[in-house]
Engineer: 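Below is the structure I would like to discuss, written out as structure tokens.
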Amino acid sequence: MDQNPIAERIRSERCRGGYTQEELAGHLGVTKAAVSKWECGQSAPDIALLPKLASLFAITLDELLGYEPLASAEKREEVQANMQSLLESDATRALDYANEQTALYWSDSELLRMIAMLLYAKAVELGNGAPEVVPGLADAVERLLERSLQLDPDGPSADMDLQTICMLMAASGREERAAELIEKKVAAKPDMVAVTFAGIKLRAGDAEEAARVLKRQMLFSLLEAASCAQALAGFPDLGAEDLEQLLALAKGLQKPQGFAVLSPTLIPFIRCELAAQLAQSGQTDAALDHLEAFELDLEKCRGLLAHPENPPFFESVQEYLWENGDEATDVAREELADALCEALMKRLETDERWSALRESPRFVAVIERFADKGEAL
């Protein structure tokens, strides 16, 4: 009979430990013939003997059974490359492959999350400006992220995983359940824990760590403020005056050199909404002024997304900033930048608030320049 993994493992571990088959049998209270049959693959040890075998060999049960609960770094890279390739050509095959790999590594939260986020890019599509989910893929993403949260509920990605799950729920009509899950995470007051922690570190003589803690909290606060501002800009009942205040706030957040890279889409998104509001209210010149400024903002946004450079002020918290990428990462960033810019450009063509200005030479000139850039991309 052909060798099987546990048969080979018992034989190799017995030899490594310097035991004869008879000695191993004596330790376990079985016959030498039983050990011989195990190593030949003719039979397997009783399940009650497995902990004793593992203990005797000084290995884990997983190692004895040949089970690898966590994927190696090389395996993760292989799965990521295969997933990316399959998703480009056949989402159904990609999902089948994802199910195969997650079945093998159901206890590896890092691998599960990586597969989930790759699927998420295909699971959520933009339709009429609102996200729409692809049911099969969205279900898989939700299932994998729920498992990742179960395995690592307090991990660094836990909050983001929960937010992604809730966004998928809301997009598929389960708003009440999503709100129930996420509500407890919504801050009810300013969080000063980082300030207190930094003070303790400073008193202990660790000024470097104290500064890092505060810079990290500042970075999080900036990202949260930018996200809230961009979300508010999309609210249908927000007027031009409110949008002008949001734009001023966004400019302030991004004024320090390098800070714009923290939220590249913030100013273009607000500016586009403001210009459309002004156009709808008949403020033609102001609308076109902001539209032309939007064109410049969008070009800057594309550059920041394609080639991000972190602000030096936050060097001490690099793990939360843009990472240096290889050639494939750089290509992916440029493709993402092009796709986001193209989506924002197309809004001008479909947004009815610009109807009255579509014949304006300035409006036509902007659209033509966008078209030229789109062809160049």
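FYI, side chains are in, hydrogens and waters are out, and symmetry mates aren't considered; it's all heavy atoms of this structure.
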Engineer: Hey, can you pull the donor-acceptor pairs under 3.5 Å for the side chains in residues 135-142, sequence neighbours left out?
Structural biologist:
| unit_1 | atom_1 | unit_2 | atom_2 | d |
| --- | --- | --- | --- | --- |
| Glu142 | OE1 | Arg174 | NH2 | 2.7 |
| Glu142 | OE2 | Arg174 | NH1 | 3.1 |

Engineer: Taking salt bridge (Lys or Arg N to Asp or Glu O under 4.0 Å) as the definition, give me every residue that meets it alongside Glu359, ordered by chain and number, with sequence neighbours left out.
Structural biologist: none
Engineer: Let me know which of Arg177, Glu175, Glu180 forms a side-chain contact (heavy atoms from CB on, under 4.5 Å) with Met169.
Structural biologist: Arg177
Engineer: When rounded to the nearest 0.5 angstrom, what distance separates CG in Leu145 from CD in Gln163?
Structural biologist: 11.5 Å
Engineer: Is Lys32 salt-bridged to Glu23, going by a charged N under 4.0 Å from an acidic O?
Structural biologist: no
Engineer: Please list all pairs meeting ring pair (Phe, Tyr, Trp, His ring centres under 6.0 Å) that have one or both residues in residues 319-345, counting only residues at least two apart or in different chains.
Structural biologist: Phe220-Tyr320
Engineer: Cut-off 3.5 Å, no hydrogens considered: what does the side-chain donor-acceptor table look like for residues 47-61, sequence neighbours left out?
Structural biologist:
| unit_1 | atom_1 | unit_2 | atom_2 | d |
| --- | --- | --- | --- | --- |
| Thr60 | OG1 | Glu63 | N | 3.0 |
| Thr60 | OG1 | Glu63 | OE1 | 3.4 |

Engineer: Taking only residues two or more places apart in sequence, or in another chain, which ones meet Gln80 in a side-chain contact (heavy atoms from CB on, under 4.5 Å)?
Structural biologist: Gln84, Met114, Leu118
Engineer: Which residues, ordered by chain and number, are linked to Phe197 in its hydrophobic cluster, where ILVMFWY side chains connect at heavy-atom gaps below 4.5 Å, directly or through other members?
Structural biologist: Val213
Engineer: Could you work out, with side-chain contact (heavy atoms from CB on, under 4.5 Å) as the rule, every residue matching Ser85, not counting sequence neighbours?
Structural biologist: none
Engineer: Distance only, no hydrogens: is a donor on one side chain within 3.5 Å (strictly under) of an acceptor on the other, for Glu22 and Thr20?
Structural biologist: no
Engineer: Considering only NZ, NE, NH1 and NH2 on the basic side and carboxylate oxygens on the acidic side, decide whether Arg16 and Glu13 come within less than 4.0 Å.
Structural biologist: yes
Engineer: Output yes when Arg333 and Asp338 qualify as a salt bridge under the 4.0 Å nitrogen-oxygen rule, no when they do not.
Structural biologist: no
Engineer: State plainly whether the residues Asp108 and Arg76 are in salt-bridge range, i.e. N to O under 4.0 Å.
Structural biologist: yes
Engineer: Regarding Arg353 and Glu273, does a basic nitrogen lie under 4.0 Å from an acidic carboxylate oxygen?
Structural biologist: yes
Engineer: Under 3.5 Å, which donor-acceptor pairs link side chains of residues 228-246 to any protein atom two or more places apart or in another chain?
Structural biologist:
| unit_1 | atom_1 | unit_2 | atom_2 | d |
| --- | --- | --- | --- | --- |
| Gln230 | OE1 | Thr265 | OG1 | 3.0 |
| Gln230 | OE1 | Leu266 | N | 3.4 |
| Gln230 | NE2 | Thr265 | OG1 | 3.2 |

Engineer: For Thr350, what residues pass the side-chain contact (heavy atoms from CB on, under 4.5 Å) criterion, not counting sequence neighbours?
Structural biologist: none
Engineer: Taking the hydrophobic residues Ile, Leu, Val, Met, Phe, Trp and Tyr, and joining any pair whose side-chain heavy atoms are under 4.5 Å apart, which ones share a cluster with Val186?
Structural biologist: none
Engineer: Under a 4.0 Å threshold between the charged nitrogen and the carboxylate oxygen, would Glu299 count as salt-bridged to Arg302?
Structural biologist: no
Engineer: Are Glu78 and Lys75 within salt-bridge range, i.e. N to O under 4.0 Å?
Structural biologist: yes
Engineer: Considering only residues two or more places apart or on different chains, which pairs with a residue in residues 142-168 satisfy ring pair (Phe, Tyr, Trp, His ring centres under 6.0 Å)?
Structural biologist: none
Engineer: Give me each pair satisfying ring pair (Phe, Tyr, Trp, His ring centres under 6.0 Å) with a member in residues 259-280, each pair once, sequence neighbours excluded.
Structural biologist: Phe259-Phe314
